[in-house]
Amino acid sequence: MTRVVAVFLAASVAGLLFVPVFGVWPLALVLVACAVPAFAVAVWCPWASWRAVLAVVAGLVGLLAAVRPADPVGALVVGATEAWRDVLRSTWPVRPDPEAVVFVPLLVLAASVFGVELLHRVRAPLVALLPALAVAGLSQTYAAAGGAPAVVAAVAFAACGAAIVAQGIPWAAVALGVVGAVLLGLVPAGPAFSLRDNESAPLASARVASPLSEVAVRLGAPDTPLFEYTSATPVDRWPIAVLDEFDGVEWTPGGNLRRMGAGLPPGDGVTVPTSTRSASVRMRGLGLPWLPSQAWPATVTGTDPLVAPDRGTLLAEEPVTSYDLTWWEPGVDGATLSEAGVDANAVGGLGGVGEVPAGVAELAEQAVGGMRSSFRAALVLERFLRDDFRLVDSGTLPVGHGWPQLERFLLRDKQGTSEQFAAAYVVLARLRGIPARLVVGFSGRNSLVRNGDVLAWPEVAVAGAGWVALDPTGSARTSAMGGLPGATGQAREELPPAEGLAEPLLPAEPPATAPGAGVPWRIVVWAVVAALLGWLIAVPSWVALRTWRRRRSGTVADAVAEVRDRLRANGVPVTSAMTVRDMAAAVPDPEALVRLATAVDTTLWSGAGVDARQEAWEAVRALRSEFARRPVPVRARAALRYGYRAQVAPRMPVGALT
């Protein structure tokens, strides 16, 4: 029973390595519901020939009872055939839908039942852990475990292995587990490799009209209602699309789409404290695929959208009536924001600007007064466009956002819609090293949002605060004065006039670590691991090379030396003073050694011309065949034991044996 428990526990530990994908409790509950009934059958089933089938049935019944899918058969089929890919196309943790969650319990159930059958049918008990190890390996292609979770998992595997071979050689499993723990502990938890990198959720419609091109069209019919929202606090803006790639002609969204999971954390660029805000949105005619969103969405209920995690964009493939949105709001004050630097590592912030027309780069330098990239420089650029350019929102509206239109806007006409303002701001900012992106959406000044509220605006990446929306047109002001909009407004009002501008005191760069400072623990650990791996590879290789060289010489003396080393490697107490007959007396089955002793005697005492080499090496092969029938742990230990005392016994007349 102990061995069966170890097999089930090992498979369950492998299943728990999927925690980054599903979360702890949704996964733990279904694993328990599936594994417990299967374990009971595996232990107490009186019919050995039906044990595997009944255990699988019991596990499936427990699994289906736990997840209670509307279509049990369909859930199992989808879970076994499609869920593995759907999970890769979702944000993590994925939504605990039955069709997605059953994917891991099915793997654990298969590994457990298969492992138990191996335990009962194979002489080497550790083989029963191979199915669980396969599941653990698969989990690492989803999300690599690192640090403490990896060490705990490896130690748990070692403990299961020790329990399985407790009556044999437990040190082998423990040593293997320790080596595995060290190796896994060195693996960073970051995205070194994941099958997820090559997967994204496809959008049903292959071609979607750019919302930036629709700005002028919407302004032509300003009263058309699009959606309405209710929120405890006013909402500044409702982004629908983030366009951060520009080739000089078109602005396009970057990044991969994924299906929205159970929730999203704040972005990596947000290090300041955050709070959550929420709103209920009811659609009135916006149309697919765009859904009003925020920069850092946390959860979406009422629909199952796709999301661009780094950009916050939400898209729907089917008509949506209403949904509830929760998002992260960075908490920062205006004074801190005014002194902040930019986040040069923000995704898409310093993308392409195409072939820049003559005069634009000089205009960008003039716009920021030669200031280095910082949030204050971003505000100066915003003021430059707001003061020197004119917003047009009626009559004949300018259209276009490529370089021909932007060149005319910046260098000649100096008037346009928010489309040209936002596009021009982003390219000027990028030319000055300020990470920026273009966003299309709507102003939140009215709870009922209409076409006339359409707006395009730039966002800049601020260190610690994430993406901050700006307003170079001066038309997007709302009553939302809290959070980032309030802090931005405060920083804007406190911006000194052009003659009083000064560079902000940006945080100093962290000092570089002095060479040799501190203990390079990672290097030390890697050196230890490399030494262990080198030992595991070098010893069997050296033994194989030594045997090959002896077999190539083919002398009786080398055959004796080979036998002596193999006996030592297999734990037989052999000294250099023992003859072959002495060695034969020390082993339980002396037949092969008696043949070798006869060959030695023939070579030594039967006179010249007698060749006993073939007989001697046939004795060696017989001894090897005998050792090959020993249990796997014994053979593994013999393979890793270095025969450094290999030599011919002094009492042997060496010259006579060669």
Side-chain angles (χ1 to χ4, degrees), residues 7-42 52-117 130-143 145 194-202 204 257-263 303-306 317-318:
V7 171
F8 271 83
L9 283 179
S12 299
V13 169
L16 287 175
L17 290 175
F18 282 94
V19 162
V21 181
F22 294 94
V24 176
W25 292 114
L27 190 59
L29 291 177
V30 294
L31 287 179
V32 170
C34 177
V36 170
F39 168 75
V41 172
V53 175
L54 296 178
V56 170
V57 172
L60 292 179
V61 171
L63 174 61
L64 294 177
V67 300
R68 289 179 293 180
D71 179 11
V73 177
L76 292 179
V77 172
V78 172
T81 58
E82 301 178 13
W84 68 273
R85 171 163 287 181
D86 293 340
V87 166
L88 293 173
R89 292 174 172 176
S90 171
T91 62
W92 294 347
V94 301
R95 299 191 180 202
D97 298 329
E99 292 79 4
V101 174
V102 299
F103 148 57
V104 175
L106 288 177
L107 285 176
V108 172
L109 178 62
S112 302
V113 174
F114 190 30
V116 170
E117 293 307 309
L130 290 181
L133 285 174
V135 176
L138 179 63
S139 72
Q140 299 309 289
T141 64
Y142 277 67
S194 174
L195 292 174
R196 190 187 187 197
D197 298 338
N198 299 322
E199 292 289 343
S200 60
L257 292 176
R258 301 193 183 280
R259 193 159 298 282
M260 186 75 181
T303 186
D304 184 19
L306 303 179
E317 299 176 292
E318 298 177 353

A.B. asks: Checking Ala58 now: which residues fulfil side chain to side chain contact (heavy atoms under 4.5 Å, CB included) with it, not counting sequence neighbours?
C.D. replies: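 Checked Ala58 against side chain to side chain contact (heavy atoms under 4.5 Å, CB included); matches are Pro37, Val41.
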A.B. asks: Can you give me the closest heavy-atom contact between Val135 and Ala111, atom names plus distance?
C.D. replies: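 For Val135 and Ala111, the tightest heavy-atom pair comes out as CG2-CB, 3.8 Å.
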A.B. asks: Might you point out which heavy atoms bring Leu16 and Val19 nearest each other, and give the distance in Å?
C.D. replies: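 The pair with the smallest heavy-atom distance is O-CG2, 2.9 Å.
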A.B. asks: Could you work out, with side chain to side chain contact (heavy atoms under 4.5 Å, CB included) as the rule, every residue matching Val101, not counting sequence neighbours?
C.D. replies: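 Scan of Val101 (side chain to side chain contact (heavy atoms under 4.5 Å, CB included), adjacent residues dropped) gives Phe22, Val30, Pro96.
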A.B. asks: Give the minimum heavy-atom separation between Pro20 and Ala143, together with the two atoms involved.
C.D. replies: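 Answer, listing the atom of Pro20 first, then Ala143: CB-CB, 4.0 Å.
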A.B. asks: Within this structure, what is the OG1-CE distance for the pair Thr91 and Met260, rounded to the nearest 0.5 Å?
C.D. replies: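 It comes to 5.5 Å.
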A.B. asks: For Ala42 and Phe8, which heavy atoms make the closest approach, and how far apart are they?
C.D. replies: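 Answer, listing the atom of Ala42 first, then Phe8: CB-CE1, 3.9 Å.
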A.B. asks: Applying side-chain hydrogen bond (donor to acceptor under 3.5 Å, both in side chains), can you list everything that pairs with Glu117, at least two apart in sequence or on another chain?
C.D. replies: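 With neighbours one apart ignored, the set is Arg51, Arg121.
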A.B. asks: Could you tell me the separation between the CG atom of Leu88 and the OG atom of Ser194, rounded to the nearest 0.5 Å?
C.D. replies: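 Rounded to the nearest 0.5 Å, the CG-OG separation comes out at 6.5 Å.
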A.B. asks: Going by the salt bridge (Lys or Arg N to Asp or Glu O under 4.0 Å) test, which pairs reach into residues 95-105, not counting sequence neighbours?
C.D. replies: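 Applying salt bridge (Lys or Arg N to Asp or Glu O under 4.0 Å) to every pair that reaches into residues 95-105, excluding sequence neighbours, yields nothing.
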A.B. asks: Could you pull out all donor-acceptor pairs under 3.5 Å where a side-chain atom in residues 63-84 meets a protein atom, sequence neighbours excluded?
C.D. replies:
residue	atom	partner	partner atom	Å
Asp71	OD1	Gly74	N	3.2
Thr81	OG1	Val77	O	2.6
Trp84	NE1	Thr81	O	3.1

A.B. asks: Let me confirm one number: the CG-OG1 distance from Leu195 to Thr141, rounded to the nearest 0.5 Å.
C.D. replies: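 Result: 4.0 Å between the selected atoms.
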A.B. asks: Under the criterion side-chain contact (heavy atoms from CB on, under 4.5 Å), I'd like the reasoning laid out for Val108 against Ser12: C-alpha separation, chi angles, the key distance, then a yes or no.
C.D. replies: CA-CA 6 Å; Val108 172; Ser12 299; 4.3 Å; yes
A.B. asks: Got a salt bridge between Asp86 and Arg259, using NZ or NE/NH1/NH2 to carboxylate O under 4.0 Å?
C.D. replies: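 The answer is no: the pair does not qualify as a salt bridge.
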A.B. asks: I'd like to check the side chain to side chain contact (heavy atoms under 4.5 Å, CB included) partners of Leu29; sequence neighbours left out, ordered by chain and number.
C.D. replies: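 Per chain and number, Leu29 pairs via side chain to side chain contact (heavy atoms under 4.5 Å, CB included) with no residue.
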A.B. asks: Rounded to the nearest 0.5 Å, what separation is found between the CG atom of Leu109 and the SG atom of Cys34?
C.D. replies: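 Those atoms lie 4.0 Å apart.
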A.B. asks: For Pro93 versus Gly23, what's the shortest heavy-atom pair and its separation?
C.D. replies: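 Smallest heavy-atom distance, with atoms named: CB-N, 4.0 Å.
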A.B. asks: Honestly, is Arg258 close enough over Trp92, meaning NZ or CZ under 6.0 Å from the six-membered ring centre and within 45° of the axis?
C.D. replies: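 Not flagged: Arg258 not positioned over aromatic ring of Trp92.
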A.B. asks: Name all residues meeting the ring-ring contact (aromatic ring centres under 6.0 Å, His included) criterion together with Phe18; count only those two or more places apart in sequence or in a different chain, and write none if there are none.
C.D. replies: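 ring-ring contact (aromatic ring centres under 6.0 Å, His included) list for Phe18, sorted by chain: Phe103, Tyr142.
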A.B. asks: Which residues satisfy the side-chain hydrogen bond (donor to acceptor under 3.5 Å, both in side chains) test with Arg89, sequence neighbours excluded?
C.D. replies: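 Listed in chain order: Glu199.
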